There are 2 protein chains.
Amino acid sequence: MNAQTFNALAEPNRLDIVDLLLEEPLPVGEIADKLKLNQPQTSKHLRVLSEAGLVEVQPIANRRIYKLRPEPFQELDSWLDSYRRMWEARMDRLDDYLNVLQGKKPLN
Amino acid sequence: MNAQTFNALAEPNRLDIVDLLLEEPLPVGEIADKLKLNQPQTSKHLRVLSEAGLVEVQPIANRRIYKLRPEPFQELDSWLDSYRRMWEARMDRLDDYLNVLQGKKPLN
DNA sequence: ACATAATATTACTTGACAGGAATATTCTTT
DNA sequence: AAAGAATATTCCTGTCAAGTAATATTATGT
């Protein structure tokens, strides 16, 4: 897993930008408006997100439309796969415990 | 989604620690050994991970065993749920495209 | 070509954080 | 109680990143 992805998402305003872009691709100005950020900040955050591969840009006329790239999120998803085993193991143990409480299963 | 989680994972050594703890809970000294980190660094990183709720500690005799907490990972998983729609939509469009190529479906 | 809109970049200041070294704390063992 | 092992904390220093303000760039419309 790439730490750069986490780094890009670690900044609250950038996380907001990503969550906003999930709904629809947007130009810089609208992102800034909706999140009440200054335009230069917004551009800089978008640059970080872009270099981390989280967004891509599509110039349309005067404006630059930013939208999410799915790849990093898919990578995150794959990485999380390994961790699902962990919490599922715990859930199983909880299951066992509940079964014991209900007399469905003896204690080991 | 909590940016603190991303922040904790954004530091490469901490990401390594988390990946290591996925295999098994470990005391500080072994974490430091396996990742070739100094003990104070390791303790400090574990503190950050702990404050972010990613790990918990269980003191056993002289040592402190750190292990992962599932909750933040589950939260990450839920957050990613929203994003699955995005890339699945793209996959669908790819599907459509492939079907067009194979003459199975007309262009809209 | 010029004025304007949209966006990007730069310079500056400030705060957060990582690494290293030294030290403090906590627990165990004798 | 003292010594030693395991871990945590503190202090210092250097680096990086974020916010602000000002300016540069790029594209559009007249």
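Order of the sequence lines sets the chain letters (A, B, ...), proteins ahead of strands, with each chain counted from 1. Everything numeric in this text was worked out from a predicted model, so none of it was measured.
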Checklist entry - Which value, rounded to the nearest 0.5 Å, describes the distance between B:Asp16 atom CG and B:Ile31 atom CD1? => result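 That separation rounds to 11.5 Å.
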Checklist entry - So how far is it from A:Arg14 CZ to A:Leu9 CG, rounded to the nearest 0.5 Å? => result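 The CZ atom of A:Arg14 sits 8.5 Å away from the CG atom of A:Leu9.
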Next on the checklist: The test is side chain to side chain contact (heavy atoms under 4.5 Å, CB included); show your working for A:Val18 and A:Leu49 and say whether it passes.
Outcome noted: CA-CA 9 Å; A:Val18 168; A:Leu49 289 172; 3.9 Å; yes
Between [atom2] of [N] and [atom1] of [X], the distance in whole Å:
X	N	atom1	atom2	result
A:Ile65	D:dA27	CD1	P	14 Å
A:Arg63	D:dT25	CZ	P	23 Å
A:Leu26	C:dA6	CG	P	14 Å
A:Asp33	C:dA5	CG	C1'	13 Å
A:Glu51	C:dA8	CD	C1'	12 Å
A:Asp16	D:dA18	CG	P	14 Å
A:Ile17	D:dA18	CD1	C1'	13 Å
A:Leu15	D:dA18	CG	P	13 Å

Counting side-chain heavy atoms from C-beta on, which of [options] comes nearest to [X]?
X	options	result
A:Tyr66	C:dG19, C:dA8, C:dT7	C:dA8
A:Pro40	D:dA22, D:dT7, C:dG19	D:dA22
A:Val28	C:dG19, D:dT26, C:dA8	C:dA8

Item to check | Residue met sooner reading DNA chain C from 5', once A:Ser43 and A:Asn62 are mapped to nucleotides | outcome: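 Here A:Asn62 is the residue nearer the 5' end.
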Under 4.0 angstrom between [X] side-chain N/O and [N] OP1 or OP2:
X	N	result
B:His45	C:dG19	yes
B:Asn38	C:dG20	yes
B:Arg14	C:dA18	yes
B:Arg47	D:dT9	yes
A:Arg64	D:dT26	no
B:Asn7	C:dA16	no

Checklist entry - Which is it for A:Ser78 and A:Gln74 under the side chain to side chain donor-acceptor pair (under 3.5 Å) test, yes or no, and what are the steps along the way? => result CA-CA 6 Å; A:Ser78 305; A:Gln74 290 171 320; over 6 Å; no
Checklist entry - Looking across every strand, which nucleic acid part, if any, lies under 4.0 Å from B:Pro27 by heavy atom: base, sugar-phosphate, or nothing? => result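 Here B:Pro27 touches the backbone only, sparing every base.
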Item to check | Polar side-chain atom of B:Arg69 near backbone of B:Glu56 as donor-acceptor pair, under 3.5 Å | outcome: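 Answer holds: no.
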Checklist entry - Taking B:Asn38 for the side chain and B:Pro40 for the main chain, is one N or O donor matched with an acceptor at less than 3.5 Å? => result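 Flag not set: sc B:Asn38 to bb B:Pro40 has no pair under 3.5 Å.
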Next on the checklist: I'd like to know if A:Lys44 reaches the base of D:dT20 with its side chain such that a donor and an acceptor end up less than 3.5 angstrom apart.
Outcome noted: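 Such a pair exists between side chain and base.
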Checklist entry - Is there a donor on the side chain of B:Gln39 or the base of D:dA8 sitting less than 3.5 Å from an acceptor on the other? => result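 Yes, a donor-acceptor pair under 3.5 Å.
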Checklist entry - If you find the nucleotide of DNA chain D closest to A:Glu11 and the one closest to A:Ala61, which residue's nucleotide is nearer the 5' end? => result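 Comparing both residues, the 5'-ward one is A:Glu11.
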